[in-house]
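The sequence lines fix the lettering, A, B, ..., with proteins before strands; numbering per chain opens at 1.
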Number of protein chains: 2
Amino acid sequence: MWFVYTETPTAGTTAPVRASERAYRQLRGEILDGILIPGAGLLEIEQSARIGVSRTPLRAAIARLIADGLVAGRPGRGFMVTEMSLDSIRELYEVRRALEEHAARIAADRRDPAVFLALRDQFLDAPELLAQGTVGLHRYYDLIDEFDDAVAEAVANPFLVGALATVRTHLVRIRRLARGNPDRLRSAAAEHLLIIDAIIAGDTSLAAHATHVHLQQSLTNVLAAVQGQPTGPVA
Amino acid sequence: MWFVYTETPTAGTTAPVRASERAYRQLRGEILDGILIPGAGLLEIEQSARIGVSRTPLRAAIARLIADGLVAGRPGRGFMVTEMSLDSIRELYEVRRALEEHAARIAADRRDPAVFLALRDQFLDAPELLAQGTVGLHRYYDLIDEFDDAVAEAVANPFLVGALATVRTHLVRIRRLARGNPDRLRSAAAEHLLIIDAIIAGDTSLAAHATHVHLQQSLTNVLAAVQGQPTGPVA
DNA sequence: TGAAGCTCCTATGTATACATAGAATGCTCG
DNA sequence: CGAGCATTCTATGTATACATAGGAGCTTCA
């Protein structure tokens, strides 16, 4: 086996040397992007051949995906990408609410105001961003990631941050199903602003309650969108 | 390799056939029981020889333990049982509070009163149980497990129940460090009674707040006990 | 024609051999 | 005598060969 140097020679991002890591990232990415649809079966031999690694690292990758909750399988008979039913989405949001409310509370208590003041400015520009089509949409999602990261940094609790990361992983998939209408995203940006203001003010209760409101709105929107187009974009 | 029939022929509990499952359960049990102490290095060859499986299933077992947060390791250079610092304990309780409060709230909303009425009677007998030494102590812990299971059943949310299970895994280890003085356990039983009463009454706020109080007391006790005997039993 | 049993096949579970990287140690040179 | 480098060793990462279980399909008998 030779070294293959044709693996996305993107400067800066040193490609992961371990084959199991490559397999994990590729499969995870494909599941989150919807390339591997829910319910799709993952055959070890087939996937290992496709990705270009042997079965051993592929199994390690699948083990991590199972831990992430992205893949499930009966012991003896294969694995499949987990489904995302309406009930699953409601259940996920139930946990999400518990964790994000708590995180918002703690963040409001321990935050560095400067960080959130900077974020505030960026969220103020969100409406303009959302008028710029796909590129703006991606930048908006990046902005939300920045906000999440800022909260995580303020929380400074590996357990809580880890649990939130798990929840957010599933959220990426859900976001695809309810792919964003601009009106909802503008509202969401406004809701984020309220949360940020509460965090800046150090108002723990307000931060938690604003988060609660935001998630409730988000869930309502997601459920409506998913029920409207159960299998895919209907146009 | 022959089949070994000498593996705890306990009737009813069909021993797991898969070697990776055996390895996982044994290692997990040994970590939770404190046989494998925090910081202990896990060498694949050494452990696989000890447990009697090859390296392949052992690696699968370690992967699951990493997902559980019981084992950590730098990619290239070995694995070790995770440490439980005072900060870790505080952080864990922070997440636990978010999840258990939310769970209590939901349980109070969706509970089957009969189940919790039965639990109530058992908790009323807890003080007598705690006067019976080690046997009673184990039965008391079993009773808490029953309570947790009842809450999980009432919550009926795989994500939330899973997150709680993860937190409780770590709690088993912490419980060892603060191994229970009877006074604290009697107080804990009383606190549980308050939570149960709130759940029976369907009082969601009271259930959440009583849970908050209970966890705060529990954390205080644990921290005091751990600080009193940092490395192990002193007396 | 339908159902039951058997056979074969496929995909997972396991074991082991080989590759490789990182660290410790000893040697050598200044 | 100390520091730097090379060597060796050890433990992980990977690949592959073999064992096994579970299911699908076919055959046969009632």
Quiz prompt | A:Arg64 charged N/C atom sitting above A:Tyr24 aromatic ring, 6.0 Å / 45° | solution = yes
Quiz prompt | Length of the line joining B:Met80:CE and D:dA11:P, which is rounded to integer Å | solution = 17 Å
Quiz item: So does B:Arg59 get a side-chain nitrogen or oxygen closer than 4.0 Å to the phosphate oxygens (OP1/OP2) of D:dG13?
Solution: yes
Self-check item: Length of the CZ-P vector between A:Arg55 and D:dC18, whole Å
Solution: 14 Å
Exercise. Provide, to the nearest angstrom, the distance between the CD1 atom belonging to B:Ile51 and the P atom belonging to C:dA15.
Key: 12 Å
Quiz item: Can you list the residues that meet the salt bridge (Lys or Arg N to Asp or Glu O under 4.0 Å) rule with A:Arg59, with sequence neighbours excluded?
Solution: A:Glu44
Quiz prompt | Shortest non-hydrogen contact from B:Leu215 toward B:Arg97 | solution = CD1-CA, 3.6 Å
Exercise. Can you sort out which residues in residues 38-50 of chain A have a heavy atom within less than 4.0 Å of DNA chain D? Ascending by number, please.
Key: none
Self-check item: Side chains of B:Arg168 and B:Glu100 in contact at under 4.5 Å (non-hydrogen atoms)
Solution: yes
Practice problem: Enter the inter-axis angle for the ends of the helix from C:dT1-D:dA30 to C:dG30-D:dC1 (five pairs per end, rounded to 10°). | Solution: 0°
Exercise. Answer yes or no: is there a side-chain heavy-atom contact under 4.5 Å between B:Leu164 and B:Asp148?
Key: no
Quiz prompt | Rounded distance (Å) that lies between atom P of C:dA11 and atom CG of A:Leu58 | solution = 14 Å
Self-check item: Atom-to-atom span, CZ of B:Arg18 to C1' of D:dA19 - whole angstrom
Solution: 16 Å
Quiz prompt | Check: A:Thr56 side chain, D:dT16 base, donor-acceptor under 3.5 Å | solution = yes
Quiz item: Which atom pair, heavy atoms only, marks the closest approach of A:Val155 to A:Arg110?
Solution: O-NH1, 2.7 Å
Quiz item: Do B:Ser88 and B:Ser85 have side-chain N/O donor and acceptor atoms under 3.5 Å apart?
Solution: yes
Quiz prompt | Sidechain-backbone polar pair: A:His170 side chain, A:Asp68 backbone, donor-acceptor under 3.5 Å | solution = yes
